[in-house]
Protein chains: 2
Amino acid sequence: MQSQKKSAIQPERDIGKQLRAVGITPTQQRVQIAEILFARPQHLSADQILASVNSLGTTASKATIYNTLGLFARRGLIREVIVDPVKVFYDSNTSTHHHFFNLDSGELTDIDADKVVVTNLPELPGDTQLEGIDIIFRVRSSHPHEEN
Amino acid sequence: MQSQKKSAIQPERDIGKQLRAVGITPTQQRVQIAEILFARPQHLSADQILASVNSLGTTASKATIYNTLGLFARRGLIREVIVDPVKVFYDSNTSTHHHFFNLDSGELTDIDADKVVVTNLPELPGDTQLEGIDIIFRVRSSHPHEEN
DNA sequence: TCAGTAAATTAGATAAAGTCTATTTTGTTG
DNA sequence: CAACAAAATAGACTTTATCTAATTTACTGA
Ligand SMILES: [Mn+2]
Ligand SMILES: [Mn+2]
Ligand SMILES: [Zn+2]
Ligand SMILES: [Zn+2]
């Protein structure tokens, strides 16, 4: 049993492989960020991720957070969701799906792709190719709404 | 023909009525902003509207631009479109429709509602009411795409 | 082991969109 | 014209995100 692997769970290794699989060198910071995001399907802002990383042992700078999130998104490990005018959400659920966005709470919720069926599609503008379709159901918490 | 209306076109009056119809006092600045937006269906940023207003006779401050756009949106005269992470688009087309968003050029284009048919709708989360559905087709100008 | 190198991280400056506050301007009404 | 309310304004401020120049880390090959 000398030079054998330890039997303890090594999630870091797993994530390391996941990152290498898409050509990303798994640094300490990147692994931390990935661990947070990939723990479960969720929607986090850069700020939340920064806070989360720095609440654990290792810290990462704001610049690294943004660099890493951009890199992960370009490599398809996460998805950027633009629904809130003030900040981007990073979505660790990369399967095709849609969103409820609660305008009152700012909460973002997943909708399974098969819950929404789009039958008729428009033809694309000349010389463009489709990158993706975003469907957002904007909802309000139903208490008597004001206007003005 | 003494106290009769002049025969010249008076678009200001028209816009004045449109504003009053939704309970907005038509001030000089608001009318200017409305004239620019309502000239045709289009997607403009606050910055573009500010520049446009100030290139004409009357000027308006940044604060007034934002106040007015917010007011118009709340009263349903225009629609806010959230697709670009860095700025909001104000859409003078308030009929139900969807959008192409060209990620390369930042250009936003309308899609008639009847070009896209959504057959299956998800049930809303408990105690929320639907405010609207946004469907965005993200496209790229088709030249060999880079990654990294 | 260690020098050499490239990749990654970092602090902090900077940029841009949008909001807020205190003040002034404008318009209305008696 | 006086009194008042609504609207506009300058500029300070906040927040998200990017950029830059310097430092740190990690890998490679002798
Ligand atoms: Mn904003
Ligand atoms: Mn942004
Ligand atoms: Zn999602
Ligand atoms: Zn539109």
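Per chain, numbering begins at 1; letters A, B, ... match sequence-line order.
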Trainee: Atom CZ of B:R20 and atom C1' of D:dA7: how far apart are they, to the nearest Å?
Mentor: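 Roughly 14 Å, once rounded to whole Å.
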Trainee: Quick one: A:K87 NZ to C:dG18 C1', roughly how many Å, whole number?
Mentor: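 Value for this atom pair: 14 Å.
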Trainee: Provide, to the nearest angstrom, the distance between the CG atom belonging to B:L50 and the P atom belonging to C:dA16.
Mentor: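 Those two atoms, CG and P, are 15 Å apart.
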Trainee: Side chains of B:S141 and B:N102: any donor to acceptor distance under 3.5 Å?
Mentor: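 The answer is yes; a qualifying pair exists.
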Trainee: Salt-bridge test for A:R79 and A:D134: reply yes if a basic N is under 4.0 Å from a carboxylate O, no otherwise.
Mentor: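 Judged by the 4.0 Å cut-off on N to carboxylate O distance, A:R79 and A:D134 do form a salt bridge.
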Trainee: Assess whether side chain to side chain donor-acceptor pair (under 3.5 Å) is satisfied between B:D47 and B:S45, documenting all intermediate values.
Mentor: CA-CA 5 Å; B:D47 224 45; B:S45 66; 5.7 Å; no
Trainee: How close or far is atom C1' of C:dT19 from atom CG of B:L71, stated in whole angstroms?
Mentor: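 Those two atoms, CG and C1', are 16 Å apart.
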Trainee: Specify the separation, in whole Å, of atom CG of B:D84 and atom P of C:dA16.
Mentor: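 Distance, rounded to whole Å: 14 Å.
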Trainee: For B:I82 and C:dA17, give me the distance from atom CD1 to atom P, rounded to whole Å.
Mentor: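 Atom-to-atom, B:I82 to C:dA17, this comes out as 14 Å.
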Trainee: Are B:D127 and A:R140 close enough for a salt bridge, meaning some N to O gap below 4.0 Å?
Mentor: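 Answer for the salt bridge query: no.
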Trainee: Look at A:Y66 and D:dA17 and indicate whether a side-chain polar atom (N or O) is within less than 4.0 Å of OP1 or OP2.
Mentor: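 For D:dA17, OP1/OP2 do have a side-chain N/O of A:Y66 under 4.0 Å.
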Trainee: Which label fits A:F89 and A:H43: parallel for a plane angle under 30°, tilted from 30 to 60°, or perpendicular past 60°?
Mentor: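 Judged by the thresholds at 30° and 60°, the geometry between A:F89 and A:H43 is perpendicular.
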Trainee: Is the shortest distance from a Lys or Arg side-chain nitrogen in A:D84 or A:K87 to a carboxylate oxygen in the other one below 4.0 Å?
Mentor: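 Between A:K87 and A:D84 there is a salt bridge, with a charged N closer than 4.0 Å to a carboxylate O.
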Trainee: Strictly under 4.0 angstrom, non-hydrogen atoms only: write out the protein contact profile of nucleotides 8-13 of chain C, one letter per nucleotide from the 5' end, B, S or -.
Mentor: SSBB-B
